[in-house]
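Notes for the one structure printed next.
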Amino acid sequence: MSKTIIEFKNVSKTYADTDTTVLKDISFELEEGKFYTLLGASGSGKSTILNIIAGLLDATDGDVILDNKRINDLPANKRNVHTIFQSYALFPNMNVFDNVAFALKIKGVDKKERSITKLSGGQKQRVAIARAIIDRPKVLLLDESLSALDMKLRKDMQYELRELQQSLGITFIFVTHDQEEALAMSDWVFIM
């Protein structure tokens, strides 16, 4: 039997400023080492779930469990979770090496020179992925991370992500509105 890595227990999220409830009493368990996809239209709560797991948003109610520990009050930088966004979220003032080694920066790794601004979209996304997995997080969150790429590169990256997930055994949670993409990569697809 596989180990549970993420658990939502009756999680709700209401934005106080607009009184909009995005998630209501959501409960699920995700097993370690699987590739999950949250599939749904814009506004269905997919990114909200990722942001709660990452610690970028707080749940209004309920408990979020990571690796058998309640993490509701744990700051984002203390969670063994990394996020890859659609926009790459690379640091433009850092070269490729520094972007990849960001998680390991305090270890004093030597620098190599290469400008982030000269990279293609696919190259930037690969740097973002490398940076996210360099320190082997328990969970990798991918929020529409392939949507800015052209179709051929997107297909190539789908294959690369699946291969990477299987070889590292890291739990991936991928958000998309593309049904074909979800089915091509995932062990489990949750429709929202």
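Positions are given from 1, in the same order as the sequence printed here.
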- Task: Treating Ile, Leu, Val, Met, Phe, Trp and Tyr as nodes and any side-chain heavy-atom pair under 4.5 angstrom as an edge, say whether Leu164 and Tyr159 lie in one connected cluster.
- Result: no
- If the plane angle is over 60° it's perpendicular, under 30° parallel, otherwise tilted; pick one for Phe28 and Phe8. parallel
- salt bridge (Lys or Arg N to Asp or Glu O under 4.0 Å): which pairs involve residues 48-67, sequence neighbours left out? Lys3-Asp67, Asp63-Arg70, Asp67-Lys138
- Message: Checking side-chain polar atoms at under 3.5 Å, does Thr21 have a donor or acceptor matched by the opposite partner on Thr14?
- Response: yes
- Which atom names give the shortest non-hydrogen contact between Ser44 and Ala41, and what distance separates them? OG-O, 2.8 Å
- Query: Which residues pass the salt bridge (Lys or Arg N to Asp or Glu O under 4.0 Å) test with Lys152, sequence neighbours left out?
  - Reply: Asp156
- Message: Please enumerate all residues that pass salt bridge (Lys or Arg N to Asp or Glu O under 4.0 Å) together with Lys34, with sequence neighbours excluded.
- Response: Glu31
- Query: About how many Å separate CE of Met185 and OH of Tyr36, when rounded to the nearest 0.5 Å?
  - Reply: 15.0 Å
- Approximate separation, where rounding is to 0.5 Å, of Met192 CE and Ile26 CD1: 6.0 Å
- Message: Checking Lys46 against Glu144 for the side chain to side chain contact (heavy atoms under 4.5 Å, CB included) test, could you report, in this order, the C-alpha distance in whole Å, the side-chain angles of both residues, the deciding distance, and whether it holds?
- Response: CA-CA 10 Å; Lys46 305 178 307 288; Glu144 298 273 1; 4.2 Å; yes
- State, to 0.1 Å, how close Ala54 and Ala76 come at their nearest heavy-atom pair, and which atoms those are. O-CB, 3.3 Å
- Item | More than 12 heavy atoms from other groups under 6.0 Å of OH on Tyr15 | yes
- When clusters are formed by joining ILVMFWY residues with side-chain heavy atoms under 4.5 Å apart, either directly or through shared neighbours, do Val11 and Ile65 land in the same one? no
- Can you list the residues that meet the side chain to side chain donor-acceptor pair (under 3.5 Å) rule with Asn72, with sequence neighbours excluded? none
- With side chain to side chain donor-acceptor pair (under 3.5 Å) as the test, would you mind laying out the steps for Glu29 and Thr4 before giving the verdict? CA-CA 6 Å; Glu29 292 183 18; Thr4 298; 3.3 Å; yes
- Minimum side-chain heavy-atom gap Val81-Pro137 below 4.5 Å: no
- Query: Applying salt bridge (Lys or Arg N to Asp or Glu O under 4.0 Å), which residue pairs with at least one partner in residues 14-27 are found, sequence neighbours left out?
  - Reply: none
- Message: Go through it in stages, so that I can follow the logic: the residues are Ile53 and Leu66, the test is side chain to side chain contact (heavy atoms under 4.5 Å, CB included), and I'd like the CA-CA distance, side-chain angles, deciding distance and then a yes or no.
- Response: CA-CA 8 Å; Ile53 294 170; Leu66 172 64; 5.8 Å; no
- Query: Sequence neighbours excluded, which residues qualify as salt bridge (Lys or Arg N to Asp or Glu O under 4.0 Å) partners of Glu181?
  - Reply: Arg154
- Message: Under the rule for salt bridge (Lys or Arg N to Asp or Glu O under 4.0 Å), what residues qualify as partners of Glu160, not counting sequence neighbours?
- Response: Arg126
- Note on the structure: One should read off an interatomic distance between Ile49 CD1 and Leu141 CG, to the nearest 0.5 angstrom, of 11.0 Å
- Roughly how far apart are Asp143 CG and Thr176 OG1, rounded to 0.5 Å? 10.0 Å
- With sequence neighbours excluded, tell me which residues meet side chain to side chain donor-acceptor pair (under 3.5 Å) with Ser167. none
- CG (Leu30) and CD1 (Ile6) are apart, to the nearest 0.5 Å, by 6.5 Å
- Does Ser27 reach the main-chain N or O of Asn10 with its side chain, forming a donor-acceptor pair under 3.5 Å? yes
- Of all residues at least two apart in sequence or in a different chain, which pass the side chain to side chain donor-acceptor pair (under 3.5 Å) check with Glu180? Lys155
- Heavy-atom distance under 4.5 Å between the side chains of Leu38 and Phe174, does that happen here? no
- Task: Run through the side-chain heavy atoms of Ile, Leu, Val, Met, Phe, Trp and Tyr, join any pair under 4.5 Å, and report what else lands in Val189's cluster.
- Result: Leu39, Leu183, Ile191
- Item | Counterpart residues, side chain to side chain donor-acceptor pair (under 3.5 Å), relative to Ser42 (two or more places apart) | none
- Item | Of all pairs that satisfy side-chain hydrogen bond (donor to acceptor under 3.5 Å, both in side chains), the ones with a partner from residues 183-192, not counting sequence neighbours | Thr37-Ser186, Arg162-Asp187
- Note on the structure: Closest heavy-atom pair, Leu140 versus Ile170, reported as atoms and distance to 0.1 Å, is N-CG2, 3.9 Å
